[in-house]
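As the structure lists them, so they are numbered: ligands from 1, and atoms in each ligand from 1.
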Amino acid sequence: MTVGMTVRTRIAPSPTGFLHLGTARTALYSWAYARHHGGQFVLRIEDTDVARSTQASVQQILDAMRWLGLDYDEGPVYQMQRLARYHAVVESMLAAGTAYRCWSTPEELETLREAQRARGEKTRYDGRWRPAPGKVLPPVPAGVAPVVRFANPPDGLVRWDDLVKGPIAVGNEEIDDLVILRADGVPTYNFAVVVDDWDMAITHVFRGDEHINNTPWQINIFRALGAPLPRFGHCPVILGDDGQKLSKRRGAVSVTAYEEAGYLPEAMLNYLARLGWSHGDDELFSPAQMVQWFDGSHLSRSPAQWDPAKLAWVNAHHMKQAPDARLAALAQQQLRRRGLPVDDLELLARAAALFKDRCSTVAELADWVAMIFEPVQPRDEDLAAHVGAALRPALQDLRERLAEVDWVPQAIAAAIKAVLAAHGLKMPQLAPALRVLVCGRTQTPSIDAVLALFPRATVRSRLPAS
Ligand code: GLU
């Protein structure tokens with residue numbers, strides 16, 4: 001990094017769907033890199049695909065960024081609000097001869113491509129409208145609105161030192177004169193992205209490696225504009241657990257789906273960070289630690305594989321660290337979504353304290369809480385194994401005693417002890433029966449603490465009456 005330079009990064013999602021996990025990861029890298037260097041992070045909405053961009057998608061992107069806590073210093077900047085700027089830059093390029101108008105019709109270009117394919121050549125624009133000294137251009141056809149093309153340098157190499165992949169060189173003869181302004185006056189991605197990265201003084205671009213083929217064009221356009229080049233880092237794709245590229249058809253790929261499934265944003269960031277970056281052997285860390293560590297090194301060149309089990313493990317760790325009051329509020333949202341409104345946040349916090357060590361997600365915490373409010377359905381085999389007829393008198397006795405005791409764990413524990421003594425039983429005989437009948441499960445934390453979470457009447461109603 002150049003001394004004295006302010007690091008400025010951006011994430012530039014297209015609002016044509018939800019925020020993908022891959023985009024969330026590059027957003028995280030861009031954010032962490034800016035924060036690490038005390039720089040700025042910008043959110044830009046690349047909405048030039050007018051037919052596919054939607055306001056709902058913009059909202060999803062904003063929600064996902066907020067949920068993840070990836071705060072931006074500028075934006076959202078919308079490309080469609082910057083058309084006048086792109087037009088001005090196009091005019092300056094036309095004047096400078098680094099761009100030219102092209103009147104080729106789609107049909108004409110298709111014929112050209114067919115001929116190239118027939119000759120076994122790579123399909124590319126042949127430069128028929130590109131001005132050159134002494135060249136006679138075709139007559140301008142009537143009724144055809146022209147596009148504007150970039151006059152790509154005809155030869156030489158485009159080189160850059162990729163932050164992820166290292167040095168890359170592409171020959172200019174590989175790439176053609178791409179359209180920068182469509183006939184309807186809307187710029188194409190490769191052009192708008194350059195004008196924006198230039199205007200926003202972006203110094204470092206992290207993005208998915210599906211864009212690596214675009215970068216030579218972009219570098220050439222930066223050069224044609226006399227604009228300073230950012231550093232580029234192209235992160236490898238994220239593969240699904242089946243080894244295929246993550247896609248809508250292969251499992252959930254939207255960030256907000258993970259919020260709904262009960263994952264914590266800091267766990268998501270932790271997990272996403274490790275999909276393509278490492279800091280020694282550290283697997284579990286906070287966003288603040290990542291900011292401290294993320295200096296753009298140790299980015300992986302090979303594709304990472306999405307591993308739901310590891311994400312659950314990371315989330316479980318962050319659940320343990322999370323304050324009970326926060327988990328209570330999140331569990332409340334989960335329960336509300338299930339049509340189970342629970343107003344008692346104090347109860348939810350006690351439940352969080354008791355169960356969070358056993359939960360991979362807030363959804364699992366909500367499952368625990370749901371047993372308090374909804375009837376439980378013990379499995380037949382659990383009833384057969386743990387609730388034998390011989391226990392019935394003891395369970396009836398406990399039901400009676402629980403009518404009287406203070407409704408706190410100590411008093412409930414004392415009542416259970418008294419029942420054990422009176423019936424000559426041991427805790428490992430009675431506790432499983434209580435768990436199965438009251439909680440519908442065979443495993444719970446300390447049964448007295450668990451019972452104290454329930455209303456007294458609920459516990460008693462789940463035990464056999466005499
Ligand atoms: N709109 C592009 C995308 O969502 C941005 C690519 C870039 O970061 O340059 O893939």
Side-chain angles (χ1 to χ4, degrees), residues 7-34 40-54 56-62 64-65 68 70 72 74-83 86 150 158 160 162-165 168 175 178-180 182 186-222 225 227-238 245-248 253-255 272 276 296 299:
V7 167
R8 287 176 55 89
T9 62
R10 61 18 173 223
I11 187 70
S14 303
T16 53
F18 38 60
L19 190 76
H20 289 231
L21 294 170
T23 312
R25 182 186 58 172
T26 40
L28 169 61
Y29 291 174
S30 306
W31 172 85
Y33 193 74
Q40 286 115 37
F41 172 59
V42 181
L43 172 64
R44 181 166 79 224
I45 302 291
E46 301 206 327
D47 53 356
T48 57
D49 186 345
V50 181
R52 291 174 60 230
S53 297
T54 65
S57 168
V58 170
Q59 197 51 51
Q60 283 215 16
I61 290 167
L62 299 179
M65 295 290 287
L68 290 171
L70 298 179
Y72 33 92
E74 289 168 31
V77 174
Y78 295 86
Q79 289 189 321
M80 286 306 282
Q81 292 174 10
R82 287 174 45 75
L83 291 182
Y86 307 127
F150 174 57
V158 189
W160 77 97
D162 198 271
L163 288 161
V164 180
K165 298 183 185 268
I168 298 183
I175 57 182
L178 93 154
V179 174
I180 58 174
R182 298 186 183 93
V186 178
T188 58
Y189 157 70
N190 275 305
F191 175 65
V193 83
V194 171
V195 176
D196 287 353
D197 285 340
W198 178 28
D199 287 353
M200 294 171 193
I202 299 303
T203 57
H204 295 78
V205 171
F206 293 93
R207 61 185 169 207
D209 67 4
E210 68 273 19
H211 286 292
I212 206 154
N213 293 336
N214 290 319
T215 304
W217 273 310
Q218 294 180 19
I219 290 177
N220 286 338
I221 298 173
F222 271 105
L225 293 171
L229 271 189
R231 294 284 313 269
F232 294 95
H234 291 90
C235 302
V237 290
I238 302 174
K245 192 173 186 270
L246 267 191
S247 70
K248 273 185 215 169
V253 286
S254 91
V255 170
L272 285 170
L299 286 160

Completion exercise
Between the CG atom in Leu62 and the CG atom in Leu43, the distance rounded to the nearest 0.5 Å is 6.5 Å
Fill in the blank from the handout: Contacts of Phe206 meeting ring-ring contact (aromatic ring centres under 6.0 Å, His included) (sequence neighbours excluded), chain-then-number -> Tyr33
Handout entry: Salt-bridge contact Arg10-Asp196 (side-chain N to carboxylate O under 4.0 Å)
Key = no
Practice task
Quick one, list the residues around ligand 1 where some non-hydrogen atom comes in under 4.0 Å, by chain and residue number.
Solution key: Arg10, Ala12, Pro13, Ser14, Glu46, Tyr189, Val193, Arg207, His211
Practice task
Not counting sequence neighbours, which residues clear ring-ring contact (aromatic ring centres under 6.0 Å, His included) with Tyr86? List them please.
Solution key: none
Fill in the blank from the handout: Residues passing the ring-ring contact (aromatic ring centres under 6.0 Å, His included) test with Phe150, sequence neighbours excluded, are none
Handout entry: Whether Asp162 side chain and His234 backbone form a donor-acceptor pair below 3.5 Å
Key = yes
